[in-house]
Amino acid sequence: MNKDNKDWKESFKQKFNIEPGVHLGDKGPRNSKKFTFSFWYFFIILLVFLAMNAFMVSRQTNVTSVDYTQFKSLIEDGTIKRVAIQDQQYIGYPFTRAQAASDLQNYSSNGSSSVSTGTYLQSYSTYKVDDASFIPLLDEKGVEYYATAPEKPSILSSILSYVLPFVFIILFWRFLFSKMGGQGGQGVLSFNQNKAKIVAEGDTGVRFADVAGADESKYELEEVVDFLKRPEKYTEIGGKIPKGVLLVGPPGTGKTLLAKAVAGEAGVPFFKMSGADFVEMFVGVGAARVRDLFRQARENSPCIIFIDEIDAIGRSRTSAGIGGNDEREQTLNQLLVEMDGFDSRTGVIIIAATNRPEILDPALLRPGRFDRQVLIDKPDLEGRLAILKIHTKQIKLEDNVDLRKIAQGAAGLAGADLANIANEAALMAVRQQRKVVKQEDFEEAIEKSVAGLERKSRLLNEKERERVAYHETGHALTAFMTKGSEPVSKISIVPRGMGALGYTLQYPTEDRFLLSQSELLGNIDTLLGGRAAEEVIYQEISTGAGNDISRASDLVRRMITEFGMSERYRNITLPTTQSGIAGVSGAREYSEKAQEYIDAETARIVGERYELVKSNLEKNKKALETITKELLEKEVLGGTEFEALAKSEVIDYSADV
Ligand code: ADP
Ligand code: MG
Ligand code: ZN
């Protein structure tokens with residue numbers, strides 16, 4: 001027994017060539033070449049089957065379908081010697097079973113048929129008719145007859161009928177996925193790798209010199225460039241370079257541009273994907289793309305992975321709202337896993353950009369992930385000037401164009417806006433068939449981008465126009481009477497864009513980062529001036545000041561809650577917690593009583609300022625009327641024009657600030 005067992009083992013080993021102690025699964029180096037599910041294999045097998053089937057069928061009798069009367073006459077004239085009676089039909093053969101058997105024997109022994117005429121195999125079939133004289137006819141003619149089941153389809157064809165549909169389904173499946181997956185060809189599941197989308201840019205063509213006004217951000221990124229160029233320098237010392245750099249800043253400040261510049265300066269491939277690219281309809285595709293992206297990046301290191309607008313996937317997992325989003329979470333988890341799974345020494349650096357860092361999942365910002373954050377803010381005056389210089393390089397400017405003045409007028413605009421303005425100004429010149437771009441083109445372009453498109457087509461009726469003119473003059477005069485306020489550079493009652501019926505522009509002479517309390521109050525006064533002027537003239541207010549009012553009250557509220565400028569809560573902030581969910585304001589972190597105080601104080605301050613502004617305008621009603629008349633006539637008043645008028649007309653005001 002034992003011996004037998006041993007022998008069996010031996011023979012098994014010999015048969016399968018297994019070394020003792022080696023598990024079957026470990027046998028040698030596995031053949032890495034995958035079995036490919038080729039269409040051609042199936043096609044060839046199919047052809048062989050069909051050929052065999054056809055051959056076998058041709059060996060069988062050749063059945064012709066005939067009418068019942070014809071069938072009967074064939075029996076009568078003796079052609080049919082045998083009838084097989086089936087469920088639905090009769091089949092008539094021109095030979096008996098005994099003849100057929102002997103013929104088959106002859107055929108197999110010497111390869112020839114004794115009854116080898118062309119008609120020998122000719123048989124006939126006909127549909128069964130309820131005819132009582134049929135069987136007697138067969139008896140009379142001595143025809144052999146018997147009942148049979150209908151002839152079974154050959155085993156081969158029945159196998160085919162099962163297998164073929166599957167073959168076609170599989171082929172169709174493969175076809176679909178190879179379409180989806182771009183090149184496909186790596187088995188059925190290769191659709192996950194979206195090769196068509198992730199393409200490394202060899203040279204982005206952008207250098208640091210193309211990015212202006214972001215010197216601090218550039219300085220921080222220079223280190224990244226240096227690392228990509230000379231990784232040994234850092235790894236020798238044992239220093240660690242951050243894996244991920246998060247570029248944070250408002251839209252249009254050049255985050256994408258800067259990321260490209262890093263790749264361009266370092267001369268490494270640049271894999272760019274937008275956060276939205278990962279979020280797909282199919283669950284799991286986003287995660288697969290992340291995996292694929294990192295795999296490709298590792299193969300091409302050193303390189304940069306750039307994930308634009310990462311907030312699309314990196315949104316905090318808890319603030320996802322009701323139900324959450326499984327797909328996004330999976331993608332985010334995969335991203336975290338991939339970031340943890342590689343060493344920055346491999347030379348892959350991930351740069352991501354967002355303009356909403358506050359909604360990002362905290363896990364993304366932990367050390368070892370996006371642990372370095374680079375802020376790209378809106379450019380200051382010098383920055384705007386530099387950006388304008390870059391974007392006007394290709395544009396022919398009139399000699400007296402003062403870019404600095406344009407930059408001054410574009411406070412608060414981002415790089416993308418400035419690039420757009422430069423282009424817009426050039427278009428304006430082309431439209432007027434000029435060969436050079438003038439200062440005015442830029443000014444108009446700024447106005448366009450600040451206040452929306454000029455819409456001369458929209459006409460206000462005379463009364464509305466007058467009201468708008470008084471309103472704007474009210475803003476301007478109040479600004480004029482407010483100490484330390486920015487000078488008025490333009491008043492206009494040309495309606496622009498949606499909603500804005502007129503506007504008063506104040507050019508700041510320099511960038512402001514600080515506002516004193518009196519300057520804040522001055523701003524509030526100027527905002528209230530429009531409505532006050534309307535009340536002075538019409539003894540009635542209108543809806544036209546809605547935006548002014550909300551901005552004024554917002555400023556007052558912030559003075560109390562943020563800047564600690566109220567009497568009771570002097571130097572104390574009354575914060576509200578940040579909320580990640582859009583449209584839901586944060587919870588306040590102060591008492592109900594404080595809230596009551598804030599409301600009351602806001603109302604009191606706004607009321608007081610409004611009364612002051614109104615009384616000042618009342619005292620100078622004549623100035624208000626003269627300037628408004630001028631404005632109605634010209635539609636637009638320049639800064640110097642306005643100032644001259646105001647200086648001669650304004651008689652008396654109490655600047656209580
Ligand atoms: P973001 O990604 O921050 O939204 P982009 O990098 O896409 O902004 O900027 C859009 C375009 O605006 C750039 O292609 C470039 O032409 C221009 N731009 C933005 N910021 C700058 C800048 N600092 N210097 C030069 N051009 C800029
Ligand atoms: Mg961008
Ligand atoms: Zn207004």
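All ligand and atom numbering here is 1-based and tracks the order in the structure.
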Show the nearest heavy-atom pair for residues [X] and [Y], with the distance to one decimal.
{"X": "I491", "Y": "A476", "result": "CD1-CB, 3.5 Å"}
{"X": "V436", "Y": "A429", "result": "O-CB, 3.6 Å"}
{"X": "T331", "Y": "A287", "result": "OG1-N, 3.8 Å"}

Query - Worked verdict on R467 versus E472 for side chain to side chain contact (heavy atoms under 4.5 Å, CB included) - result: CA-CA 9 Å; R467 196 180 262 274; E472 296 305 331; over 6 Å; no
Under the 3.5 angstrom rule, does the side chain of [X] hit a backbone N or O of [Y] as a donor-acceptor pair?
{"X": "S516", "Y": "E519", "answer": "yes"}
{"X": "K243", "Y": "M339", "answer": "yes"}
{"X": "N423", "Y": "N420", "answer": "no"}

Query raised in the report: When you look for protein heavy atoms under 4.0 Å from ligand 1, which residues do they belong to?
Result: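 D210, V211, A212, P251, G252, T253, G254, K255, T256, L257, I387, H391, G415, A416.
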Query raised in the report: Can you name the residues that form a side chain to side chain contact (heavy atoms under 4.5 Å, CB included) with E222, not counting sequence neighbours?
Result: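 Side chain to side chain contact (heavy atoms under 4.5 Å, CB included) check on E222 returns F208, Y219.
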Query - Student check: side-chain heavy atoms of H391 and L418 closer than 4.5 Å - result: no
Query raised in the report: If we ignore angles and hydrogens, is there a donor and acceptor under 3.5 Å between the side chains of T628 and T473?
Result: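 Note: T628 and T473 side chains meet the donor-acceptor criterion.
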**Report entry** Positive for side-chain contact (heavy atoms from CB on, under 4.5 Å) with I307, one of L335, I351, L246
**Finding:** L335
Query raised in the report: Would E223 and R372 pass as an ion pair if we require N to O under 4.0 Å?
Result: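 Salt bridge flag = yes for R372 with E223.
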Query raised in the report: Among the protein atoms near the Zn ion (ligand 3), how many are N, O or S and lie under 2.8 Å away?
Result: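 Number of qualifying protein atoms: 3.
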Query raised in the report: Between F270 and F306, how do the two ring planes meet: parallel, tilted or perpendicular, split at 30° and 60°?
Result: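 Plane angle under 30°, so parallel.
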Query raised in the report: Using a distance threshold of 2.8 Å, what protein N/O/S atoms lie below it relative to the Mg ion (ligand 2)?
Result: T256 OG1
